[in-house]
Amino acid sequence: MLFVLIVLSGCSQNADSKADIFQYKNSYIGDNSAVGNIVNQLNDSNELKQISLHTKEQPYGITLEYNDITAKSDKEIKKTVIENATYLFALIQNVDWVTFKFSANEFAVTKTEIQHWYNNQLDGFENEEDLKKLIKDHLNSEDSVNQFFRK
């Protein structure tokens, strides 16, 4: 009986933590726990093979390496890159770049580039609803997505 209560308690805590990714707002890249919790709530986190934090010298960054995601189209992967990078830059104060490694592609995104693309400062967002709206508005246009990757 005690085991069931512990398991249920753990499940409810996971559900609560997944409910509000913005509880990690203003985290720092050196906070492995916060970064890990953020990354675990992003798209395709179940396919994540490795997370590397680059914190020895500025600019600070993150490398996310994924298992083979052959079921996704190139367009879907690009949208995932933009959305995941947006969340990381909005939530982690001192991250300057993120590299996404897939089996066939690698994408490097800087905070400056994505903020310029959005024409918006990402660290000003205080809730997930507003951030999701910004992302959705920009990802609706295939031309806009392609423009971002033409850098």
Side-chain angles (χ1 to χ4, degrees), residues 9-139 141 144-151:
S9 172
C11 290
S12 69
Q13 285 177 346
N14 276 348
D16 290 343
S17 66
K18 285 215 178 266
D20 187 15
I21 193 169
F22 265 74
Q23 69 181 313
Y24 302 106
K25 173 89 170 130
N26 296 321
S27 297
Y28 289 92
I29 196 162
D31 184 345
N32 298 348
S33 176
V35 173
N37 283 315
I38 293 167
V39 169
N40 284 328
Q41 294 186 55
L42 299 177
N43 289 335
D44 294 320
S45 64
N46 57 324
E47 295 298 333
L48 196 60
K49 186 172 21 175
Q50 182 175 325
I51 303 169
S52 302
L53 303 180
H54 305 274
T55 60
K56 291 193 192 276
E57 59 185 49
Q58 292 183 339
Y60 300 130
I62 302 171
T63 301
L64 301 176
E65 190 173 337
Y66 293 85
N67 293 313
D68 188 22
I69 306 178
T70 54
K72 287 191 131 186
S73 70
D74 189 48
K75 177 182 168 184
E76 291 172 316
I77 289 174
K78 286 178 178 179
K79 286 183 174 188
T80 295
V81 166
I82 290 171
E83 186 170 343
N84 288 358
T86 301
Y87 272 91
L88 291 166
F89 293 132
L91 297 172
I92 302 171
Q93 285 190 24
N94 61 338
V95 66
D96 297 304
W97 58 268
V98 182
T99 298
F100 298 86
K101 292 184 177 183
F102 299 94
S103 58
N105 296 314
E106 183 173 312
F107 301 96
V109 180
T110 69
K111 186 174 191 175
T112 303
E113 290 169 335
I114 204 161
Q115 287 183 144
H116 179 74
W117 181 71
Y118 280 122
N119 195 27
N120 205 324
Q121 295 294 314
L122 296 175
D123 52 7
F125 285 86
E126 295 299 326
N127 64 69
E128 188 173 10
E129 201 174 296
D130 292 342
L131 189 62
K132 277 184 177 181
K133 183 181 178 341
L134 176 74
I135 294 168
K136 183 181 176 198
D137 290 348
H138 282 75
L139 291 184
S141 165
S144 180
V145 172
N146 289 333
Q147 176 191 6
F148 179 77
F149 287 98
R150 275 191 228 128
K151 305 178 212 174

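Positions are given from 1 along the sequence.
- Residues passing the salt bridge (charged side-chain N to carboxylate O under 4.0 Å, His left out) test with D74, sequence neighbours excluded: K78.
- Residues meeting the side-chain hydrogen bond (donor to acceptor under 3.5 Å, both in side chains) test with N32, sequence neighbours left out: none.
- The side-chain hydrogen bond (donor to acceptor under 3.5 Å, both in side chains) search around D123 returns none, not counting sequence neighbours.
- The side chain to side chain contact (heavy atoms under 4.5 Å, CB included) search around N43 returns T80, E83, N84, not counting sequence neighbours.
- Every residue two or more places apart in sequence or in another chain that forms a side-chain hydrogen bond (donor to acceptor under 3.5 Å, both in side chains) with Q115 is listed here: Q121.
- Taking K72 as the reference, D44 meet the salt bridge (charged side-chain N to carboxylate O under 4.0 Å, His left out) condition, with sequence neighbours excluded.
- With sequence neighbours excluded, the residues forming a side-chain hydrogen bond (donor to acceptor under 3.5 Å, both in side chains) with K133 are D137, listed by chain and number.
- Qualifying side chain to side chain contact (heavy atoms under 4.5 Å, CB included) partners for Q50, counting only residues two or more places apart in sequence or in other chains: S52, E65.
- Here the closest heavy-atom approach between residue N94 and residue I29 is recorded as OD1-N, 2.7 Å.
- With a 4.5 Å cut-off on side-chain heavy atoms, L42 and I21 count as touching.
- Take Y66 and apply the ring-ring contact (aromatic ring centres under 6.0 Å, His included) test, not counting sequence neighbours, and it matches F102.
- Every residue meeting the side chain to side chain contact (heavy atoms under 4.5 Å, CB included) condition with N26, not counting sequence neighbours, appears here in chain and number order: Q93.
- Contact of the Y87 side chain with the I135 side chain is registered, since non-hydrogen atoms from C-beta on lie closer than 4.5 Å.
- Looking at residues two or more places apart in sequence or on another chain, you find no ring-ring contact (aromatic ring centres under 6.0 Å, His included) involving Y60.
- For H138, the side chain to side chain contact (heavy atoms under 4.5 Å, CB included) partners are W117, Y118, L134, S144, not counting sequence neighbours.
- T63 places none of its side-chain heavy atoms less than 4.5 Å from the side chain of I51.
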